[in-house]
There are 2 protein chains.
Amino acid sequence: MDLPPLTQGFVLHFGEMGSRWGINRTVGQIYALLFVSSRPLNADEITDRLQVSRSNVSMGLKELQSWRLVRLSHLPGDRRDYYSAPDDVWQIFKTLAEERQRREIDPTLSMLRDAMLESPGNADDRHAQERMRQMHELIEQLTDWFAEVRRLAPETLEQLMGLGAGAVKLLDFKDRVLRRGARGQEPGGTP
Amino acid sequence: MDLPPLTQGFVLHFGEMGSRWGINRTVGQIYALLFVSSRPLNADEITDRLQVSRSNVSMGLKELQSWRLVRLSHLPGDRRDYYSAPDDVWQIFKTLAEERQRREIDPTLSMLRDAMLESPGNADDRHAQERMRQMHELIEQLTDWFAEVRRLAPETLEQLMGLGAGAVKLLDFKDRVLRRGARGQEPGGTP
DNA sequence: CATGAGTTTCAGTAAGTTCTGAAACTAGTG
DNA sequence: CACTAGTTTCAGAACTTACTGAAACTCATG
């Protein structure tokens, strides 16, 4: 692997991270390489740079395509496939989150929903079911909310995130203004 | 494994999920079991119910403790350790997120920051560095924002999430009200 | 301070996954 | 329609991780 040192560190790090997140090392490395590359790369170029087998790269690219994380392109007069990572990091993050949702969260929600339809056999079962209901509620809330966030325009989102804990103040502000709306009222307490 | 069917499905499912998220299967199962249990369990009880070796359970519990995901308790006159999952699902989620932050995100940010200090050797290097900067920015924004959210009281949070995309309207509302400032005001549209 | 209930550690093994090279396949080109 | 560049598949090898049973350790108690 004779990459520029900067890139090399990045690629190796994402290889490690990949394994920790249930994505295999090579796949992480391929993605890291595509992410920093200034132009699309074909499978052979990736093979050379990462020093792994051609077939390993082929499988890794297939995996990345199934995650919709790479874009395919072609050069005139060259029928090899060239791969690249989307430019927009926020877009990448959204795609990743969407796929994870589809593959892991949705089946989990579905399992929990099924479990909640069963009639509990005894007190312990009833307790277990109540716990599952709580978990279902949390996951559903988080994912519904995130689904809405994904729809926001990047600028709006940035504004919202820049707000941070300021959101609390904003809520408070809204309450106060609306309450005044109808009659004269005193502002609420500290958060 | 002779658990009530409801619990069994839940435990097995979280075993699978564990593997997909880089946590081993047994650890996932132990946690699922503790999560739905109506009282704290000791290591032997867990061993019996999951049908895995005693030492495997011992290691799994150690792992869960290192993630701060289980609470330890004791019964009078019994010196065995009893384990349980916290009651509050939101708390559990926060703990999980905090540990992941500490173990994976922080080192990644640090690596990216280091990479940004290097002087790029050529145009490709410069591009790679710019990409890393973008990634750094996104991750930092997301985590800063989430760190603030974690500090919110659960009710406030729920209010905020219930708002969902309505947050956009709220921002808009704030702008309009503030611009009108001193003079006559009209409350915004439906939240 | 010996006993024994409870817990942890560890070396070896089982199970699972990732990776490889070779072979098979696909589809433009002469 | 044979040739060739490119890509995919696959069986087994290499590696990694998870799991086990046995031994070592810990510590309250008689």
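A note on names: the letters A, B, ... follow the listed sequences, proteins ahead of strands, and every chain is numbered from 1.
- One finds no salt bridge joining B:R80 and B:E45 here, because no Lys/Arg side-chain nitrogen approaches an Asp/Glu carboxylate oxygen to under 4.0 Å.
- Judged by distance alone, the side chains of A:R49 and A:S37 never bring a donor and an acceptor atom under 3.5 Å apart.
- We find that CG of A:L61 is positioned 15 Å from P of D:dG6, with the value rounded to whole Å.
- Qualifying side chain to side chain donor-acceptor pair (under 3.5 Å) partners for B:N24, counting only residues two or more places apart in sequence or in other chains: none.
- Close to D:dT8, at under 4.0 Å from its OP1 or OP2, lies a side-chain N or O of A:S58.
- Note: CZ (B:R80) to C1' (C:dG4) measures 14 Å, nearest angstrom.
- One interatomic measurement links the two molecules: CG of B:N56 to P of C:dA11, which rounds to 17 Å at whole-angstrom precision.
- With no hydrogens or angles considered, a side-chain donor-acceptor pair links B:E63 and B:W67 at under 3.5 Å.
- For the pair A:D81 and B:S53, nearest-nucleotide mapping onto DNA chain D gives the more 5' position to A:D81.
- A salt bridge links A:R103 with A:E99: the distance from a Lys NZ or Arg NE/NH1/NH2 to an Asp or Glu carboxylate oxygen falls below 4.0 Å.
- For A:R20 and D:dT16, the CZ to C1' distance is 14 Å, given to the nearest whole Å.
- Protein atom CG of A:N24 is 5 Å distant from nucleotide atom P of C:dT18, rounded to whole Å.
- We find that CH2 of B:W21 is positioned 19 Å from P of D:dT17, with the value rounded to whole Å.
- Rounded to whole Å, atom C1' of D:dT8 lies 9 Å from atom CZ of A:R54.
- Looking at residues 68-76 of chain B, you'll see that no heavy atom sits under 4.0 Å from any atom of DNA chain D.
- Here A:E137 pairs with A:R133 in a salt bridge; the nearest charged N to carboxylate O distance falls below 4.0 Å.
- Mapping A:R79 and B:R79 onto DNA chain C via the closest heavy atom, the residue that lands nearer the 5' end is B:R79.
- The shortest distance between the side-chain N/O atoms of B:T26 and the OP1/OP2 oxygens of D:dC19 is below 4.0 Å.
- In this structure, NZ of B:K62 is placed 15 Å from P of D:dC19, rounded to the nearest angstrom.
- Of the residues listed (B:V36, B:L64, B:T26, B:L61), the one engaging B:Y31 in a side chain to side chain contact (heavy atoms under 4.5 Å, CB included) is B:L64, and it is the only one.
- At a threshold of 4.0 angstrom between heavy atoms, the contacts of A:S19 with the nucleic acid are absent.
- Residues B:M59 and B:A43 each lie close to DNA chain C; by heavy-atom proximity, the contact nearer the 5' end of the strand is made by B:A43.
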